[in-house]
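Okay, so here's the structure we're looking at.
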Amino acid sequence: MFNPVNSRVNFPQLEEKILDWWKKNNIFQKTVDARQGGPLFVLFDGPPTVNGSPAIHHVLTSAFKDVIPRFKAMKGYYTPRIGGWDTHGLPVELEIEKQLGFSGKAQIEEYGIAKFNELCRQSVNHYMREFEEILERSGYWIELEHPYITMDNSYIESVWWAIKKMWDKGLVYQGYKVTPHCPRCGTSLSSHEVAQGYQDDIEDPSVYIKFKVVGSSIAGLTLDKFAYLLAWTTTPWTLPGNTALAVSPEAEYVVVEKDNECLIMASALLVAAGLDDCKILAKIEGEVLVGLRYEPLFNPHSFGVERQSFQENMELQSQEADDKLSYPVIGGDFVSMEEGTGIVHMAPAYGEVDFEVGRDEDLGFVHMVDLQGNIIGDYPFSGKFVKDADKEILADLKSRGLLFRSETIKHTYPFCWRCEAPLLYYAKQTWYIRTTAVKDALISGNDEINWYPEHIKYGRFGDWLQNNVDWAFSRERYWGTPLPVWHCESCGHLDCVGGLDDLKNKKGFSGFKEPLDLHRPFVDELSFACPQCGGQMKRVPEVIDAWYDSGAMPVAQSHYPFENETLLEDGRFPADYICEAVDQTRGWFYSLHAISTLLFGRPSYRNVICLGHILDAKGEKMSKRKGNVVLPFEVVKKYGADALRWYLYTASAPGNPRQFDEKQVDEVSRRFLSTLWNVYSFFVIYANIDNYKPESEIASTQEAELDRWIISELNQLITDVDSALDSYNPTDAGRKIESFVDGLSNWYVRRSRRRFWKSENDDDKLSAYNTLYQCLVTLSKLMAPFTPFVAEELYQNLVRSVSPDALESVHMTDFPVSDESRIDKRLSEDSRLAMEISSMGRAVRSQAGIKVRQPLARMWVKVMSEAEKRSIQRMEAQILEEVNVKSLEFGENIPQATGAVKIMVELDTNITAELEAEGMAREIVHRLQTMRRNAGYDIADHIIAYYEGDAHFVQVMSSFADYIKQETLSRELIDGVPEAVDLKETYKISGYSLLLGVKKSE
RNA sequence: GGGCCACUAGCUCAGUUGGUUAGAGCACAGUCCUGAUAAGACUGGGGUCUCUGGUUCGAGUCCAGAGUGGCCCA
């Protein structure tokens, strides 16, 4: 006996039950262990940053991460899967700052780094538990009891080892980088934060500045007056940092005369600058201006500020004082002819483009602003905040006749989203990893990776690699892996530490404090003796980019090389499979690829599914601010994890962005899971009535055509699903399963219903049971990687409840193997044709207004070929039943078929008295069946049926007595309805009236 | 400003190497069927396949450009 199945199933409840059972019986571990010795299949689990509650996209990625290893496990692969948590980084810090009401680093340091970092630790621990809960509940099988955690000492030690390896290869260096900097918070902001803080209509200065040309000729044109290059800026405070002017080489420039001076600017912008009425002395190409030199507005050496020059490795070196200093005019394709003068003021310390150009063109580098945004040196305006210095700088220039025009402009400008201070683009010293040294290896390594969808490979990811720049990987923050670089306070010697023993063995090491914590501020207290001068080595203040943490997981999750020394040889590296959303091309996909290429010279993963983002139902990005965030727990509680997973797999291609609407999840549940469940419950109800035993075998020759058809479809399905999953395409696999289930329910079961319903237990019935049983058991296995809960439920009841020796869980079974000899393409085609003909027959009935219950004498079919005719003849029995006609004829002379180019169907709509009576009998059966159900009888209960009515009915009742009795499980049909029946009902059918009564028979 | 992706029915999506009249599910209306089915069948309404050019005997499909949306970078 199978356990009885309720056709009204509550999926979420069912899942909770199975979840408990899995946990209690340690099923996940067993499915992994059972495959020990099989070929290894490695998933690297990209660690989510646990800086907030899990969202629906975390379920999306985990669903796609989960399905592949589950499939591989069933294919015999050994698939241990370690989960991980990304615990460091600015997002975590920001969460705590918000809690504490802080607005910057000064407050954190005042509060105490130790206490602050402790709060960060507590916060990620809290969110980690939330993540565990939702991932487990959604059926994601991953080792979460011993996950890798980026803040663990052992993890940090491996990261240190990885940095030290690069250090030893000369790949780590210090250089400058321009970042959006908040002068009040004293920190750089990420681009994401900057994007949040743009404000429109900000009033700023709009000034035209004169830069005096050195020499008295331009392109052969001799000048008898002073000449000035006219440049435009909205940030006067950057002018003391100016070290070059840029022009567009292809554009036309003019020399004009104004107030007995020569001014140079782009001709296209003369009108905007108000110089269109001046006399034009010469027209020249921008190219000609390149190489010209001009006097600095403020010679840094006169104001106690350093002038530096770019060195290789992006280092800077001080330059000697020069009171005859001049700066060059350079050419650049970034020079705009839309605004300004066509001559762009360059301050390499204060702009990203300026900085890059400065490096490439070997410009001077003058930095005259400190981290608080105050001007340093001995300028008249030193000590002022930059925005306040603007006016004084302009006044100074005006007094020297160098200010041509001064106005204001309204434009968009970024502000700090927390404290609303204007952001400054500002060059800061940063630690770099020289990824450009392995650029070729990064690109060729990518050739070996399979990307799904494919366009990412040489599109977004490939482009990113082509444009590779060195990785700025240090952060001046607190909660992160400390950069393992120590420097000597006396002589400046630098040393990188590659592990705890490395540190312990340093001469003069100050010793660890217990309990060991490798975070700031504790790690900052560790010191040792300088091997060069004997001075004290202290750690530099930076922590590292959290992307480095997660990118180092292939080694750090195993505490390599301190443990698991064989990691690189034993098949655990590289990974066979990773899966994340598309934003990770510049994130984890890159950091993983870069680190393994830098360390080992090869990629760390072979196959990637790159998912699109989840948007809300209207196609808008989900954000807390908009309040359109979908909480995964609520969806799972309402519809179940299987329904959600199935929706995620099948609704759209994995790489596409998807609009999430929970109505779609509901639809999946009703349309697909419920349909499957109903087939299953149908099977169990009848199998129990007939005491069906799955082990009873029957030779395939005795199978009905219908059985051979669905078995053929089933084997085709196995082939399709296997190959789709093998090529990392769960979406196609799922859609195939969907259409199979549709056919199973709406053709196989519908057509087979009477075979299960009939009272004798013959071979045909047994064959039907065997067939449906095989379909359901196979489906449970095919679906196990996708919908692990409902698959388990089916398997437990269909297999385990009758054969307790069977494997404990569906997830331990082998993935079905297709028996290709059972695939019958001909039969499949013929059946499809039968469905089509039946459908056309029903359409004709519908047009003629004759219901299906009314039998008809004949149908005619006009076919296009002999082959079609044979196919239909083969399927005749099924078509006759489905259309409810007595015979099928092939006719050339179908009344409406003249000139038709496809199959035509016509019906003989003449209803004879016999046919009418037979229809009436079916009508009565239908009413009695409905009454049985309303009376609450069990399907197998026998009844006594009573009737009273017009003579026509009495006649039908007696002519079709056997048929009616058999269909309604009536022991007797009795004329006359007594008082004591369970249910009675009056009907009017085709104008005749009838009273029916039913009573249970003991 | 640059790159990638998408755009097909009210909604969610199919649509193979270019080939008859562009499909499915949901939703809507009507009819029917039903002792597995909160299901199903049939019919109907609903489409300038985002737009404009081009290649071709033939374009939803290939090419170019534009538009809208999403993502990434600047």
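In what follows, chains are A, B, ... by sequence order, proteins preceding strands, each numbered from 1.
- Atom CG of A:L744 is separated from atom C1' of B:rA39 by 14 Å (rounded to the nearest Å).
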Short heteroatom pairs, N/O only, protein and nucleotides 31-34 of chain B, under 3.5 Å:
| from | atom 1 | to | atom 2 | distance (Å) |
| --- | --- | --- | --- | --- |
| B:rU34 | OP1 | A:R853 | NE | 3.4 |
| B:rU34 | OP2 | A:R853 | NE | 2.5 |
| B:rU34 | OP2 | A:R853 | NH2 | 2.1 |

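- Residues meeting the side chain to side chain contact (heavy atoms under 4.5 Å, CB included) test with A:E738, sequence neighbours left out: A:W646, A:T650, A:R671, A:F672.
- Comparing the P positions of B:rA27 and B:rA39 gives a spacing of 8 Å, expressed to the nearest Å.
- Of the C1' atoms belonging to B:rG3 and B:rA74, the separation is 11 Å, rounded to the nearest Å.
- When rounded to the nearest whole Å, the span between CG of A:L611 and P of B:rC71 equals 16 Å.
- Atom-to-atom distance recorded for A:N729:CG and A:S723:OG is 9.0 Å, nearest 0.5 angstrom.
- Comparing A:T675 and A:N656 by the nucleotide of RNA chain B that holds the closest heavy atom to each, the one mapping nearer the 5' end is A:N656.
- B:rG46 and B:rA41 have their P atoms separated by 22 Å, given to the nearest Å.
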List the atom pairs, with distances to 0.1 Å, where a side-chain N or O of residues 676-689 of chain A and a protein N or O form a donor-acceptor pair under 3.5 Å, not counting sequence neighbours.
| from | atom 1 | to | atom 2 | distance (Å) |
| --- | --- | --- | --- | --- |
| A:W677 | NE1 | A:N6 | O | 2.8 |
| A:N678 | ND2 | A:S674 | O | 2.9 |
| A:Y680 | OH | A:N797 | ND2 | 2.9 |
| A:N688 | OD1 | A:F2 | N | 2.9 |
| A:N688 | ND2 | A:F2 | O | 3.0 |

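- In this entry the distance linking CH2 of A:W547 with P of B:rC72 reads 11 Å, nearest Å.
- Of the candidates A:L717, A:T675, A:N746, A:V741 forms a side chain to side chain contact (heavy atoms under 4.5 Å, CB included) with just one, namely A:T675.
- Taking only side-chain nitrogens and oxygens, A:Q659 never comes nearer than 4.0 Å to OP1 or OP2 of B:rC11.
- A heavy-atom distance below 4.0 Å to RNA chain B is reached by these residues of residues 645-653 of chain A, ordered by number: A:A651, A:S652, A:A653.
- With distances taken from any side-chain atom of A:R671 to the nucleotides B:rA36, B:rG25, B:rC13, the minimum falls on B:rG25.
- Comparing B:rA9 with B:rA22, their P atoms are spaced 14 Å from each other, to the whole Å.
- Residues A:Y350 and A:Y425 keep their aromatic ring centres 6.0 Å or farther apart.
- If you take atom P in B:rU16 and the same atom in B:rC63, they sit 14 Å apart, rounded to whole Å.
- The nearest whole Å value for the distance from the CG atom in A:L772 to the C1' atom in B:rU37 is 13 Å.
- Each of A:R670 and A:M931 was matched to the nucleotide of RNA chain B holding its nearest heavy atom; the match closer to the 5' end belongs to A:M931.
- In terms of phosphate contacts, A:R658 brings no side-chain nitrogen or oxygen within less than 4.0 Å of OP1 or OP2 of B:rU12.
- Residues A:D732 and A:K736 are not paired through a salt bridge, judged by the lack of any N-O separation under 4.0 Å between the basic side chain and the carboxylate.
- The gap from the P atom of B:rU50 to that of B:rA6 amounts to 13 Å, rounded to the nearest Å.
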Which atoms of nucleotides 60-68 of chain B (N or O only) lie under 3.5 Å from a protein N or O atom, and what are those distances?
none

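- Consecutive Watson-Crick or G-U pairs involving RNA chain B, each under 3.5 Å on both distances, make up stems of three or more pairs at B:1-7 with B:67-73, B:10-13 with B:23-26, B:28-32 with B:40-44, B:50-54 with B:62-66.
- The distance between atom NZ of A:K663 and atom P of B:rA38, rounded to the nearest whole Å, is 22 Å.
- For A:T585, the side chain to side chain contact (heavy atoms under 4.5 Å, CB included) partners two or more places apart in sequence, or in a different chain, are A:I456, A:R460, A:F461, A:F589.
- Summarising the geometry, the separation between CE on A:M835 and P on B:rC42 is reported as 12 Å, rounded to the nearest angstrom.
- Using a 4.0 Å cut-off, some side-chain N or O of A:Y686 falls inside it from OP1 or OP2 of B:rA36.
- Within the 4.0 angstrom heavy-atom criterion, base atoms lie near A:V749.
- Here A:S745 lies in heavy-atom contact (under 4.0 Å) with a base.
- For the C1' atoms, the distance linking B:rG25 with B:rC71 amounts to 28 Å, nearest Å.
- Between the C1' atom of B:rG40 and the CG atom of A:D742 lies a distance of 9 Å, rounded to the nearest Å.
- Going from atom CG of A:L611 over to atom CG of A:D583 covers 10.0 Å, rounded to the nearest 0.5 Å.
- A salt bridge links A:E836 with A:R832: the distance from a Lys NZ or Arg NE/NH1/NH2 to an Asp or Glu carboxylate oxygen falls below 4.0 Å.
- A:S674 comes within 4.0 angstrom of nothing in the nucleic acid, heavy atoms only.
- The structure places CG of A:L928 at 13.0 Å from NZ of A:K965, a figure rounded to the nearest 0.5 Å.
- Within 4.0 Å of A:Y937, counting heavy atoms only, lies at least one base atom of the nucleic acid.
- Residues A:D690 and A:Y769 have side chains that bring a donor and an acceptor to within less than 3.5 angstrom of each other.
- When all heavy atoms of A:V178 and A:G351 are compared, the closest pair comes out as CG2-O, 3.5 Å.
- One can place OH of A:Y458 at 24 Å from P of B:rC72, the figure rounded to the nearest angstrom.
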Pick out the pairs of N or O atoms, protein on one side and nucleotides 1-4 of chain B on the other, that lie under 3.5 Å.
| from | atom 1 | to | atom 2 | distance (Å) |
| --- | --- | --- | --- | --- |
| B:rG3 | O2' | A:D463 | OD2 | 3.1 |
| B:rG3 | N2 | A:R460 | NH2 | 3.1 |
| B:rC4 | O2' | A:H455 | ND1 | 3.4 |
| B:rC4 | O2 | A:R460 | NH2 | 3.2 |

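- A:H942 NE2 to A:L969 CG: the interatomic distance, rounded to the nearest 0.5 Å, is 4.5 Å.
- The separation of B:rA24 from B:rC4, taken at their P atoms, amounts to 35 Å, rounded to a whole angstrom.
- Residues forming a side chain to side chain contact (heavy atoms under 4.5 Å, CB included) with A:W464 (at least two apart in sequence, or on another chain): A:R586, A:Y590.
- Under the rule for a side chain to side chain contact (heavy atoms under 4.5 Å, CB included), the partners of A:A768 that lie at least two apart in sequence or sit in another chain are A:Y748, A:R755, A:F756.
- Of all heavy-atom pairs between A:D982 and A:K999, the closest is OD2-CA, 3.4 Å.
- Taking the salt bridge (charged side-chain N to carboxylate O under 4.0 Å, His left out) definition, one finds that A:D941 meets it with A:K1000, sequence neighbours left out.
- Checked for salt-bridge contact, A:E829 and A:K825 miss the test: no charged N lies under 4.0 Å from a carboxylate O.
- Under the rule for a salt bridge (charged side-chain N to carboxylate O under 4.0 Å, His left out), A:E250 has no partner lying at least two apart in sequence or in another chain.
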